[in-house]
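Quick notes on the structure that follows.
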Amino acid sequence: MRRRARATGPGPGTGRVRTRPRARRSGSRAGGADVVLTGVVGSEAERDALVAAATEQAGGATVVDELTVTPGALPQPGVTTTSVGAIAALLGAVPADIATSIDGDTLTLTGTAPDSASAQAAGAALGALLPGTTVDNQLAVAGGGAAASGELDDAGKRELQTAIDALVAGAPITFEPNSPALTASGAATVDGIVTLVALVPGARVQVDGYVATGPGDGVLTAQELSDQRAAAVRDALVAGGVPADNITARGLGEGDTPAAQAAGRRVEITVV
């Protein structure tokens with residue numbers, strides 16, 4: 001099944017985004033979601049801007065425009081290209097039947113997630129994608145992915161990995177040039193992952209650090225810098241409550257797929 005996302009505006013000052021399963025495939029990427037925007041906007045320009053933002057961030061999902069233009073209607077507080085784009089990115093990646101209500105700088109999540117990892121990921125992802133907003137996470141959990149022993153079973157690992165990937169897709173873990181210091185957005189993403197991993201008993205993760213292609217500043221080698229970046233994220237996870245024994249950190253230099261600039265200055269996290 002595919003998931004369908006719906007954005008509606010039930011009244012002034014409120015926007016809503018909702019996902020639900022559906023049987024028909026629309027030809028967009030496997031595992032994605034259709035994003036359907038509905039509600040009232042004040043101009044064609046406003047509609048075009050919101051649709052463009054959703055399309056850009058939806059990760060290949062099909063965006064269906066069902067917005068109604070009422071000339072002169074005031075913009076809805078909190079419903080911006082940034083918020084709509086961030087929610088489209090979330091819906092395209094997080095496996096949950098959720099609704100997001102936007103009211104000014106408060107985002108309220110309701111609905112049912114398949115597991116605690118997905119529920120926490122939804123809130124963490126929105127918080128990381130929309131800094132300065134307050135996320136009221138009211139998602140209920142339909143079932144868990146942890147085995148009775150406290151170790152994650154295969155399903156739980158997949159769910160946690162999907163949750164982490166959703167968060168990182170919207171805001172990668174990036175670093176300052178030639179430095180193990182996180183960028184502001186990278187630090188916010190790490191904070192979200194700290195919350196996510198710490199709340200999943202038995203989670204074990206591998207942290208891989210990378211550097212961008214190029215000569216660097218000559219102070220550290222590529223290996224040394226990538227080691228330090230992986231260690232910085234490992235230390236943040238430990239400080240947030242993740243057992244050190246459950247984390248493996250390593251530097252991989254430029255890696256198998258070198259990338260320039262911010263895309264290369266990164267850390268990737270894998271559930272193992």
Side-chain angles (χ1 to χ4, degrees), residues 29 31 57 59-60 89-90 92-94 117-118 120-121 124-125 128-129 145 151-200 202-272:
R29 66 178 177 83
Q57 297 297 328
L90 172 70
V94 173
S118 296
Q120 291 298 325
L129 291 171
E151 296 287 334
L152 285 183
D153 60 15
D154 289 343
K157 291 178 182 179
R158 289 193 298 270
E159 290 159 357
L160 179 56
Q161 187 67 62
T162 298
I164 292 173
D165 290 347
L167 184 55
V168 175
I173 305 172
T174 53
F175 295 80
E176 299 294 345
N178 302 311
S179 170
L182 288 155
T183 62
S185 63
T189 300
V190 171
D191 287 343
I193 293 174
V194 165
T195 300
L196 181 60
V197 176
L199 291 174
V200 182
R204 296 179 180 274
V205 297
Q206 180 173 293
V207 180
D208 293 332
Y210 296 89
V211 299
T213 57
D217 61 4
V219 176
L220 296 171
T221 67
Q223 185 62 54
E224 289 170 338
L225 182 55
S226 63
D227 284 338
Q228 290 186 18
R229 286 174 172 169
V233 174
R234 176 201 62 206
D235 292 346
L237 292 172
V238 172
V242 180
D245 290 344
N246 288 5
I247 306 169
T248 301
R250 61 181 183 176
L252 296 176
E254 293 181 358
D256 294 331
T257 55
Q261 300 180 349
R265 301 188 296 268
R266 70 192 191 280
V267 156
E268 297 177 354
I269 295 180
T270 305
V271 180
V272 297

Heavy-atom closest contact (Ser185 atom, Thr174 atom, distance): OG-OG1, 4.0 Å
Under 3.5 Å donor-acceptor, Gln161 side chain and Ile269 backbone: yes
Name all residues meeting the side-chain hydrogen bond (donor to acceptor under 3.5 Å, both in side chains) criterion together with Gln228; count only those two or more places apart in sequence or in a different chain, and write none if there are none. none
Could you check if a side-chain atom of Val197 sits within less than 4.5 angstrom of a side-chain atom of Ile164, using non-hydrogen atoms only? yes
Interatomic distance, OG1@Thr162 vs CG@Leu167, rounded to 0.5 Å, equals 12.5 Å
Donor-acceptor contacts, no H, no angles, side chain residues 229-242, under 3.5 Å, sequence neighbours left out:
{"residue": "Arg229", "atom": "NE", "partner": "Ser179", "partner atom": "O", "Å": "2.8"}
{"residue": "Arg229", "atom": "NH1", "partner": "Tyr210", "partner atom": "O", "Å": "3.0"}
{"residue": "Arg229", "atom": "NH2", "partner": "Glu176", "partner atom": "O", "Å": "3.1"}
{"residue": "Arg229", "atom": "NH2", "partner": "Ser179", "partner atom": "O", "Å": "3.0"}

How long is the straight-line distance from CG of Leu252 back to CZ of Arg266, given to the nearest 0.5 Å? 9.0 Å
Say you draw a straight line from CG of Leu160 to CD1 of Ile193; how long is it, rounded to the nearest 0.5 Å? 9.5 Å
For the residue pair Ser226 and Gly253, what are the closest heavy atoms and their distance? OG-N, 3.0 Å
So, for Val267 and Val207, which heavy atoms are closest and what is the spacing to 0.1 Å? CG1-CG1, 3.4 Å
Just to verify, what does Asp208 make a side-chain hydrogen bond (donor to acceptor under 3.5 Å, both in side chains) with, not counting sequence neighbours? Gln206, Arg250
State whether the side chain of Arg265 and the backbone N or O of Phe175 hold a donor-acceptor pair below 3.5 Å, judged by distance alone. yes
Mind checking side chain to side chain contact (heavy atoms under 4.5 Å, CB included) for Asp191 and listing every partner two or more places apart, or none if nothing turns up? none
